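Everything quoted here is computed from the prediction, not taken from an experiment. Start at 1 and go down the list; that is how both ligands and their atoms are numbered.
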Amino acid sequence: MNSVAEALQKVLENELPVRTETVPLMNSLNRILAEDIKADRDAPPFHRVTMDGIAIHSTQLLKKALFPIEGIQAAGDAQGRLLDPENCLEVMTGAILPENTNCVIPYEQVKIIDNVANLLHSDFTENQNVHLKGTDAGKGDVLLKKGIFIQAGTIGVMATVGVSNVKVVKPPTITICSTGNELVDITDNPLPHQIRKSNVYMLQAALKSLGIEAQTLHIDDDKKLLKAALEKLLHKNDILLFSGAVSKGKYDFLPEVLEDLGVKKLVHGVAQKPGKPFLFGRRKNTFVFGFPGNPASTLICFHLYFKAWLLTHLGKQRNSLFATLTEDVSFKRPVTYHLLVKVVAEKEKILAVPVSNSGSGDLVHLAAADGFISLPAHLETFQTGTSYPLTFLTQPWFN
Ligand code: AMP
Ligand code: MG
């Protein structure tokens, strides 16, 4: 059986062909940038006044404290000029620094009487309260690198350099399939032996938080129906996400049907808990992820294998994180144990507080977890204060 690392490696080495598209700036939120964004001019583009006050030339500071006001330089005015170096100009935040001045003194530190500014002290220096042209970047510098996740701050940068349309990664087409005769829809009233399907909604939400809209479909535990549905789905999608029907049960038809349809199984079975029957396969450029049906197995495998693979091939740089256990844990089986945790930040440490639960079918406690830590297969006891790889369930772009 594959270890977690081997399974991940086998998944990651399959390249997902990436397509791009150009969208209006505001439609790029939560997408992955597919081009470098450069400064179209220096940032800031002019010596920018950063306080409301008066502008003078700093050489005057040792000579005098009284500065008659010549006029006003407001934000949005073309650059004015101080005519007499012994005078000052009133200036506003965001204005271009007037010619013949190099120092801005805030109103709080002057007293203005009869149109003359009286400095309360002379402790000012050249360029004080001036954001110098080109301090943050020069024209042509790369401000945003392709592969980053577009958030409010990145939208702001693109707006300031005049990017109204931007090249982003085009999301792959994905269908999420639930399987199981015990499942009914959320609007139905389940009979005593039935449950409402939750995994498809959970996976659809997880994809939505990555900026991807996916279709859903339910397929009963019937080999013929599954085969017919899969044949169509394989043609129409880049990726299929299945929940359930991948294990060894009498009605777990997915592995067999995939084989019949020429889907090459690259992973089936991982030495981990939960998620042991996890399956990954491909037919040409269509990729199939089979997540075991228990909700925790589904969500953990989604993050550990699918999301890692997707983001890697979409060009997103990934972070590896570690979190420190807050209590002793023991797990005696020689498989990787994915332990659900609450994540707490304490000083410079990320703490992992175990969320007690009744196993991979426990959806109630799954919803209380921020993520999971992966405890290695070769150990049986995991002490308070030791650290392990953390995967977030609630911060879609962190890992
Ligand atoms: P399976 O992997 O098909 O053997 O299913 C394992 C467990 O997960 C069973 O108890 C199923 O009822 C449950 N399960 C499967 N699919 C879903 C789903 N979409 N929503 C909630 N539970 C599910
Ligand atoms: Mg099933």
One pair to check against side chain to side chain contact (heavy atoms under 4.5 Å, CB included): Leu279 and Phe242. What are the steps and the verdict? CA-CA 9 Å; Leu279 179 151; Phe242 273 86; over 6 Å; no

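Heavy-atom contacts of Glu182 reach the following atoms of ligand 1: 9 (C), 11 (C), 12 (O) (cutoff under 4.0 Å). Counting the atoms of ligand 1 from 1 in the order shown, those under 4.0 Å from a heavy atom of Lys197 are 19 (N), 20 (N). Close approach of ligand 1 to Ile195 is summarised as follows: ligand atoms under 4.0 Å from at least one heavy atom of the residue are 12 (O), 22 (N). Taking every heavy atom of Ser243 and a limit of under 4.0 angstrom, the matching atoms of ligand 1 come to 16 (N), 19 (N).
By the 4.0 Å N-to-carboxylate-O rule, Lys342 lies close enough to Asp370 to be salt-bridged with it. Glu99 has a carboxylate O that lies under 4.0 Å from a charged side-chain N of Arg81, or vice versa, which qualifies the two as a salt bridge. Under a 4.0 Å N-O distance rule, the pair Glu256/Lys223 qualifies as a salt bridge.
Judged as a side chain to side chain donor-acceptor pair (under 3.5 Å), and not counting sequence neighbours, the contacts of Asn2 are Lys10. For His57, the side chain to side chain donor-acceptor pair (under 3.5 Å) test picks out Thr59, with sequence neighbours left out.
At the shortest separation from atom 4 (O) of ligand 1 among protein heavy atoms lies Asp252 OD1, 4.0 Å. The nearest protein atom to atom 14 (N) of ligand 1, hydrogens excluded, is given as Gly293 O, 3.3 Å; this is a heavy-atom distance. With respect to atom 3 (O) of ligand 1, the closest heavy atom belonging to the protein is Ala245 N, 3.0 Å. Protein heavy atom nearest atom 20 (N) of ligand 1, with residue, atom name and distance: Ser198 N, 3.0 Å.
Remark: Lys64 qualifies as a cation-pi partner of Phe67 under the 6.0 Å distance and 45° angle criteria applied to the six-membered ring.
Taking the centre of each ring, Phe382 and Tyr388 come in below the 6.0 Å mark.
For the pair Asn199 and ligand 1, the shortest N or O to N or O distance falls below 3.5 Å. Between Leu183 and ligand 1, a contact under 3.5 Å exists for no N or O pair. Taking only nitrogen or oxygen atoms, main chain and side chain alike, Pro292 does not reach within less than 3.5 Å of ligand 1. In terms of polar-atom proximity, defined here as any N/O pair under 3.5 Å, Asn294 does make such a contact with ligand 1.
Taking 4.0 Å as the cut-off, Ser247 does not count as a neighbour of ligand 1 on heavy-atom distance. In this structure, Gly249 has no heavy atom closer than 4.0 Å to ligand 1.
Ring pair Phe280/Phe289 is tilted by interplanar angle, where 30° to 60° counts as tilted.
Between the side chains of Gln128 and Thr125, a donor-acceptor pair is found at a separation under 3.5 Å.
Residue contacts with ligand 1 for Thr298 are absent, since no atom lies close enough (heavy atoms, distance under 4.0 Å).
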